[in-house]
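Before any comments, here is the structure.
In what follows, residues are counted from 1 in the order of the sequence shown.
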Amino acid sequence: MKERYHILDLLRGLLLLNAVLYHGLYDYVYVFDRSCTFMQQHSSYLWQQTICTGFILLAGCSCTLSRNPAKHGSLIFACALLITTVTCIVIPDERILFGVLHLIGLSYLLTAFLKPLLSRLPALPMMCLSLILFLFFKGIYYGYLGIWDYALWYLPEQLYQYPLLFLLGLPDASFFSADYFPLIPWLFLFGVGYFGGPILLQSRVFHAVKHWKLPVINWIGQHTLFLYMLHQPILYGLLTIFLS
């Protein structure tokens, strides 16, 4: 049996707790139309991006440890489709067409399919290349390519006129998703975790902390998908009760 790295569960649990807090504030402001100054500030956006970046990097790292990444990816993607269905029916103004779960599930499936090829590639150069590509394509759904927020090339508007290209970070004018993490550029960040995971797991620092755990948070980290699926309905129900 593979050794369980408790630090990964701990990090995943901490990220989920942050996601619950963030979504609670988001629902309070944008679903229930209440005021919260913090959610209008750039720091709230950075908090949200940090949470999702952490989930994607951890997912990429965990993919290298998965005994059956195709099965794991299929389960995650099925849960993502359920979220899409429910949000489109119950709260269409906050529908989620391609959020972080869609991205992670599809990334698992793609890496499982390409594993024979990916396993032959050198980890460190591919991790660096993945990071460069992520930074270069970060602005694609704002219409440009460049270095993070600095635009080097603006893309032709014609690319943003085809509805299904939102999957690749090229949404048309009518597209809206409350949670949006398209394959480009976020698949490259998943790749950073995927190729960087084996390097991290062999490092001295990781071996020093791999057994760190806090029982309750680690339990949360071991049941992240189940709790992630439950947390929004629970938040919505609680806010409905206390704000009605």
Side-chain angles (χ1 to χ4, degrees), residues 1-13 15-16 19 51-88 96-127 129-131 133-134 137 164-169 177 179-202 206 210 218-232:
M1 293 182 63
K2 289 185 177 180
E3 179 182 10
R4 187 166 195 96
Y5 300 128
H6 297 293
I7 186 65
L8 299 182
D9 293 327
L10 178 62
L11 292 174
R12 201 177 292 110
L15 286 170
L16 182 58
I51 295 167
C52 293
T53 295
F55 271 129
I56 294 166
L57 287 172
L58 270 178
C61 179
S62 299
C63 186
T64 64
L65 301 172
S66 176
R67 289 189 290 266
N68 193 335
K71 180 180 178 181
H72 196 181
S74 297
L75 175 61
I76 295 172
F77 195 69
C79 290
L81 292 178
L82 178 60
I83 289 175
T84 295
T85 303
V86 172
T87 55
C88 284
I96 297 175
L97 300 183
F98 203 85
V100 69
L101 279 191
H102 298 76
L103 168 76
I104 291 174
L106 198 52
S107 297
Y108 260 86
L109 291 171
L110 288 172
T111 50
F113 178 73
L114 296 173
K115 191 172 183 178
L117 171 62
L118 298 177
S119 62
R120 298 192 186 100
L121 299 175
L124 182 58
M126 289 305 299
M127 181 190 74
L129 177 61
S130 297
L131 180 59
L133 290 173
F134 171 69
F137 283 98
L164 289 180
L165 288 187
F166 74 84
L167 296 170
L168 300 179
S177 179
D179 187 28
Y180 183 43
F181 286 84
L183 288 172
I184 299 176
W186 296 98
L187 179 60
F188 298 126
L189 187 65
F190 184 91
V192 174
Y194 183 84
F195 289 109
I199 299 172
L200 172 68
L201 298 179
Q202 294 171 14
F206 183 81
K210 64 182 180 181
N218 276 68
W219 182 87
I220 294 172
Q222 291 173 28
H223 302 85
T224 304
L225 182 60
F226 173 72
L227 296 174
Y228 188 91
M229 294 296 292
L230 282 182
H231 86 281
Q232 276 287 34

Practice problem: Ignoring hydrogens and angles, tell me if any N or O in the side chain of Ser66 forms a donor-acceptor pair with the backbone of Ser62 under 3.5 Å. | Solution: no

Quiz item: Counting only N and O atoms by type, is there a donor-acceptor contact under 3.5 Å from the side chain of Asp179 to the main-chain atoms of Val100?
Solution: yes

Practice problem: Over all heavy atoms of both residues, which pair between Leu65 and Leu8 is shortest? Give the atoms and the distance, please. | Solution: CD1-CD1, 3.8 Å

Practice problem: For the pair Tyr180 (side chain) and Phe166 (backbone), establish whether a donor and an acceptor sit closer than 3.5 Å, ignoring hydrogens and angles. | Solution: yes

Quiz prompt | Close side-chain approach of Leu187 to Phe137, heavy-atom, < 4.5 Å | solution = no

Self-check item: Shortest non-hydrogen separation from Pro69 to Cys63 and the atoms involved
Solution: CB-SG, 4.0 Å

Self-check item: Nearest atoms (heavy-atom pairs only) where Pro182 meets Leu103
Solution: O-CD1, 3.8 Å

Practice problem: Would you indicate whether the side-chain heavy atoms of Lys210 and Leu201 approach each other to under 4.5 Å? | Solution: no

Quiz item: Ile76 versus Leu109: any side-chain heavy-atom pair under 4.5 Å?
Solution: no

Practice problem: Look up atom CD1 in Ile56 and atom CZ in Phe181, then write down how far apart they are to the nearest 0.5 Å. | Solution: 5.5 Å

Self-check item: Residue pairs, two or more places apart or on separate chains, that pass side-chain hydrogen bond (donor to acceptor under 3.5 Å, both in side chains) and touch residues 69-82
Solution: none

Self-check item: Side-chain donor or acceptor of Thr87 paired with backbone N/O of Ile96 under 3.5 Å
Solution: yes

Exercise. Would you check if His102 and Leu167 make a side-chain contact, meaning some heavy-atom pair closer than 4.5 Å?
Key: no

Quiz item: Are any of the side-chain heavy atoms of Cys88 and Leu97 separated by less than 4.5 Å?
Solution: yes

Quiz item: Please walk me through it: do Thr64 and Phe195 pass side chain to side chain contact (heavy atoms under 4.5 Å, CB included)?
Solution: CA-CA 8 Å; Thr64 64; Phe195 289 109; over 6 Å; no

Exercise. Search all heavy atoms of Phe134 against all heavy atoms of Pro185 and return the closest pair with its distance.
Key: CD1-O, 3.4 Å

Quiz prompt | Any side-chain heavy-atom pair of Thr111 and Phe190 under 4.5 Å | solution = yes

Quiz item: If you measure from CG on Leu15 to CG on Leu11, what distance do you get to the nearest 0.5 Å?
Solution: 6.5 Å

Quiz item: Do the non-hydrogen side-chain atoms of Ile83 and Gln232 ever get within less than 4.5 Å of each other?
Solution: no

Quiz item: So which heavy atom on Phe55 is nearest to which on Arg12, and how close?
Solution: CE2-O, 4.1 Å

Self-check item: Residue pair Leu101 / Met229: nearest heavy atoms and the distance that separates them
Solution: CD1-SD, 4.1 Å

Quiz item: Any side-chain heavy atom of Tyr228 within less than 4.5 Å of one from Cys79?
Solution: no

Quiz item: When Thr224 is tested against each of Asp9, Leu58, Leu16 for side chain to side chain contact (heavy atoms under 4.5 Å, CB included), which residue passes?
Solution: Leu16

Exercise answer: donor-acceptor pairs, residues 112-122 side-chain atoms, under 3.5 Å, sequence neighbours excluded:
residue, atom, partner, partner atom, Å
Ser119, OG, Lys115, O, 3.1
Ser119, OG, Pro116, O, 3.1
Arg120, NH1, Pro116, O, 3.2

